[in-house]
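Report on one structure; see the data block that follows.
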Amino acid sequence: MAVVITVPICLLLTVAGLAVYGRAEAVGDARTTRAEVGLSLRVQALVHQLQRERGLTNGLLGGEEGYRTQLATTRKRVDTALRAMRSERDVEAVVQRDLRRLTAIRTAADRNAGEKSTTARAADRTATLTFYTTAVDALNAVDPVADTATRDDRQLRDGLAALRELAAAKESVALERGLLNGVFADGAFHNREYLTFTEVRATRVAALTRFRQVATVPQLTALTRAFATKDATRATAYESRAEAAADGSALRADAATWWDAMTVLVDDLYAVQQTVGDDVRDRSDQLSHDAELALAAYLFAGALMATLVAALAAFASRSLTRPLRALAEAAHDVARNRLPATVARIQQSPRDQVEFPEAQTQPLGGAAEIAEVADSLRQVEQTAVQLAAEQAGLRRNTTESLANLGRRNQNLVRRQLSLITRLERQELDPDALAELFELDHLATRMRRNAESLLVLAGQNPPRPTAAPADGLEVVQSAVAEVEQYRRVLIAVVEPVRVRGHAVADVAHLLAELLENGLTFSPPTERVEVHGWYDTEDDTYSFAVVDHGVGMSPADKERAEARLSGSGEDAFLAAPTRFLGHLVVGRLAQRLGEGAKVHLFDTPGGGLSALLVLPGRLLAPTHPPQPLSTTPTPTPTTPPAPAVSALLNGFRAGVARAEARSTPRSTPRSTQGAPS
């Protein structure tokens with residue numbers, strides 16, 4: 001359905017966008033044409049003054065000294081027009097290329113005007129005429145209206161063509177004026193001047209013919225009036241005299257009269273040119289206005305179309321999103337509520353009373369595809385519940401099997417310890433007694449492993465006792481349950497009494513921490529145990545300090561999450577190298593609120609674990625009683641300054657740990673895991 005709606009909408013918006021783009025291009029083209037026409041008229045104004053300067057200069061070189069005053073005025077006009085065109089890059093290029101010698105040409109014309117030699121003056125006239133004509137041709141070439149083929153509007157295209165042809169015709173008339181001005185002033189044609197005269201007239205006739213083909217009736221009328229004046233008639237008569245002197249015979253014609261008559265004709269043609277330019281500019285303004293109106297209309301239509309499309313898309317989207325939202329809500333309910341509740345109920349129910357709830361059957365509406373997805377979701381829910389039930393049963397069976405195995409091992413180890421104790425009492429041989437002590441130590445470690453298995457399986461404390469024990473005795477009991485107990489250094493342990501129901505768990509927890517420190521420190525390094533009482537918050541702390549490989553900050557954070565019991569690692573899902581972490585976390589949880597385990601970096605390298613016991617687990621102190629006959633290392637005290645610095649560091653670390661929140665659960669670590 002979405003594809004059916006999207007494809008026509010995209011096509012519709014594409015067509016609308018192309019139409020708006022086309023109207024915008026039309027507006028831009030019309031404005032560009034108007035600017036080009038304005039530039040063309042300014043270029044033709046410069047050309048008009050250059051044509052006048054050319055004719056006067058040619059007459060001056062022909063010997064007519066009366067032109068000097070007019071020539072000076074015309075040169076000023078040319079210079080003013082050139083300065084006004086400096087900002088136009090194309091025109092400036094022509095000025096730099098074709099008019100850079102203008103000052104030198106003017107100086108040479110003024111100097112050579114009095115030359116007596118007719119041949120020399122004719123050569124100067126030809127060179128000067130060529131210079132000005134080349135410059136005028138270059139300016140006409142950069143006229144922006146020269147290219148008319150790309151215009152879409154017929155009237156605008158014809159107007160631009162008329163403007164171009166009229167410029168060519170006017171240049172021919174102006175060139176003829178300048179050429180014959182010099183010839184009449186000199187009194188005869190010289191060199192190729194007559195041939196140039198005929199070529200110029202032919203160019204004018206051809207340009208006017210092309211102009212008449214594209215000009216409008218008012219433009220043709222204006223052109224006819226320009227050629228029907230008395231001055232134009234007088235100029236035609238002078239042209240006839242020039243045609244009769246093709247053989248180089250003397251010409252009897254007044255150069256000033258010719259100049260005046262042709263100047264009027266040139267000015268009239270310039271006026272016609274300006275009229276045509278105004279017509280073209282008006283047409284471009286009209287096209288620009290029409291294009292702007294069309295653009296506004298297209299924009300309005302596009303906005304209306306976009307609104308309709310948005311409304312249609314919104315309607316189509318709502319028809320899809322409503323059932324999809326209901327489907328998503330149903331999926332979230334299954335994932336967050338129904339499935340977890342069902343799994344929890346299955347795990348808590350007896351294995352012969354497991355009930356499977358029926359999946360949601362409420363219709364969601366929408367297309368058939370959505371109904372199929374909803375049905376698939378219900379099937380997924382049923383399958384997930386069945387798998388959860390199977391997994392719950394499997395985990396329950398596994399946990400029960402492990403707990404049963406742990407209890408069996410515990411009973412066997414207890415019997416073994418009882419037997420070893422009787423043998424120790426009966427044995428008199430020191431060597432045999434030492435071996436029995438080693439065997440007793442191995443059995444004690446086996447008992448701890450069996451108890452760890454029961455702890456992970458969630459069973460009751462394996463060694464309940466009602467008699468409180470001294471803190472040093474608890475540490476000694478923990479040391480007796482690790483393999484390399486000779487490397488354990490019991491440092492300062494301030495007097496404390498641990499309540500009876502917590503003694504076994506605290507000893508077991510310390511044994512796990514000691515085992516971890518011994519495993520991940522060099523064989524030559526000792527693991528230290530410290531204990532002190534904090535009167536400020538009524539807590540007692542045991543510190544297990546090693547100087548081993550330590551942990552990275554990320555690994556330490558993940559380990560603390562497991563030690564605090566807040567990690568996501570499950571007993572049956574976590575790797576075996578993290579089971580010690582989980583045992584410590586379970587034991588800390590069993591000790592109740594206020595019992596916490598923290599990890600710190602040991603100064604100089606290594607890792608330190610801190611067990612904090614709340615005041616409710618402590619009993620009033622009295623002289624310690626022996627806890628067992630298991631051999632333990634003799635307590636030793638390290639140098640006082642080192643102990644003081646270490647204890648101060650732990651107290652500061654505890655304060656920081658209490659100030660921050662419980663570490664969050666993170667992925668499993670691969671370093672520093674207790675065994």
Side-chain angles (χ1 to χ4, degrees), residues 40 43-44 47-48 50-52 54-55 58 126 129-130 132-141 143 145-146 148-149 157-184 189 191-247 251 253 257-277 279-280:
S40 175
V43 170
Q44 290 304 318
V47 168
H48 183 68
L50 275 176
Q51 290 169 344
R52 186 179 181 86
R54 177 180 60 188
N58 210 37
T126 302
L129 188 70
T130 301
Y132 279 104
T133 302
T134 301
V136 170
D137 291 341
L139 288 172
N140 284 329
D143 192 331
V145 301
T148 62
R157 185 168 61 248
D158 290 346
L160 292 173
L163 194 61
R164 180 191 61 197
E165 300 301 338
L166 191 57
K170 177 175 170 291
E171 164 60 12
S172 299
V173 173
L175 182 58
E176 181 184 354
R177 176 184 63 176
L179 175 65
L180 292 185
N181 197 35
V183 172
F184 288 152
F189 285 105
N191 300 329
R192 292 177 51 86
E193 288 181 333
Y194 185 81
L195 181 59
T196 302
F197 166 64
T198 58
E199 291 175 351
V200 167
R201 292 199 64 187
T203 301
R204 181 183 71 179
V205 172
L208 290 176
T209 300
R210 292 192 296 271
F211 173 78
R212 291 185 177 92
Q213 293 175 352
V214 294
T216 62
V217 174
Q219 293 169 356
L220 291 175
T221 302
L223 179 67
T224 302
R225 282 199 303 267
F227 279 99
T229 62
K230 293 181 179 180
D231 292 290
T233 303
R234 188 179 298 113
T236 301
Y238 273 76
E239 289 175 348
S240 300
R241 293 184 187 182
E243 291 176 354
D247 55 356
L251 280 171
T257 303
W258 160 258
W259 172 260
D260 293 339
M262 287 296 287
T263 298
V264 172
L265 178 59
V266 171
D267 291 343
D268 290 342
L269 291 177
Y270 181 61
V272 176
Q273 189 179 32
Q274 289 180 315
T275 301
V276 175
D279 293 341
V280 173

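Side chains included, hydrogens not; waters and symmetry mates left out as well; all remaining heavy atoms used.
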Notebook entry, point to check: Which pair of heavy atoms, one from A169 and one from A207, lies closest together, and at what distance?
Noted result: N-CB, 3.6 Å

Next item on the list: Indicate the ring-plane relationship of Y194 and F189, choosing parallel, tilted or perpendicular according to the 30° and 60° boundaries.
Entry: perpendicular

Note to self: Checking side-chain contact (heavy atoms from CB on, under 4.5 Å) between V266 and each of E176, K170, R52, E171, which is the one that passes?
What the structure shows: K170

Next item on the list: State the OG-CG distance between S40 and L160, to the nearest 0.5 angstrom.
Entry: 8.5 Å

Check: Is a side-chain donor-acceptor pair under 3.5 Å present for R54 with T133?
Finding: yes

Notebook entry, point to check: Q273 and L269: side-chain contact (heavy atoms from CB on, under 4.5 Å), yes or no, with the steps?
Noted result: CA-CA 6 Å; Q273 189 179 32; L269 291 177; over 6 Å; no

Check: Distance only, no hydrogens: is a donor on one side chain within 3.5 Å (strictly under) of an acceptor on the other, for Q44 and N140?
Finding: yes

Checklist line | Nearest heavy atoms of V276 and A162, plus distance in Å | finding: CG1-CB, 4.2 Å

Check: If you measure from CG on L163 to CZ on F211, what distance do you get to the nearest 0.5 Å?
Finding: 9.0 Å

Next item on the list: With R177 as the cation and W258 as the aromatic partner, state whether NZ or CZ is under 6.0 Å from the six-membered ring centre and within 45° of the axis.
Entry: no

Next item on the list: Measure the OG1-CG distance between T196 and L129 for me, rounded to the nearest 0.5 Å.
Entry: 7.5 Å

Margin query: Looking at every heavy atom in both V272 and L223, which two are closest together, and how far apart are they?
Written below: CG2-N, 4.2 Å

Notebook entry, point to check: Which distance, rounded to the nearest 0.5 Å, do you find between the CZ of R212 and the CG of L166?
Noted result: 10.5 Å

Margin query: Please check this pair: side chain of S240 against backbone of T236, looking for a donor-acceptor N/O pair closer than 3.5 Å.
Written below: yes

Next item on the list: Only one of L265, T263, V264 passes side-chain contact (heavy atoms from CB on, under 4.5 Å) with D267; say which it is.
Entry: T263

Next item on the list: Grab the two heavy atoms, one from G55 and one from N181, that are nearest each other, plus how far apart they are.
Entry: O-ND2, 2.9 Å

Margin query: As a quick check of understanding, evaluate side-chain contact (heavy atoms from CB on, under 4.5 Å) for N58 and V183, giving each step before the final call.
Written below: CA-CA 8 Å; N58 210 37; V183 172; over 6 Å; no

Notebook entry, point to check: Just how far is it from atom CD of E193 to atom CG of L179, taken to the nearest 0.5 Å?
Noted result: 6.0 Å

Next item on the list: Please report the closest heavy-atom contact between A226 and A232, naming both atoms and the distance.
Entry: O-CB, 3.6 Å

Notebook entry, point to check: Quick one: CG on D137 to OH on Y132, what's the gap to the nearest 0.5 Å?
Noted result: 14.5 Å

Next item on the list: Please report the closest heavy-atom contact between A253 and R241, naming both atoms and the distance.
Entry: CA-NH1, 3.9 Å

Margin query: Run W259 and L180 through side-chain contact (heavy atoms from CB on, under 4.5 Å) and show every step you take.
Written below: CA-CA 9 Å; W259 172 260; L180 292 185; over 6 Å; no

Note to self: With side-chain contact (heavy atoms from CB on, under 4.5 Å) as the criterion, how do R157 and V214 come out once you've worked through the C-alpha distance, each side chain's angles and the decisive distance to 0.1 Å?
What the structure shows: CA-CA 9 Å; R157 185 168 61 248; V214 294; over 6 Å; no

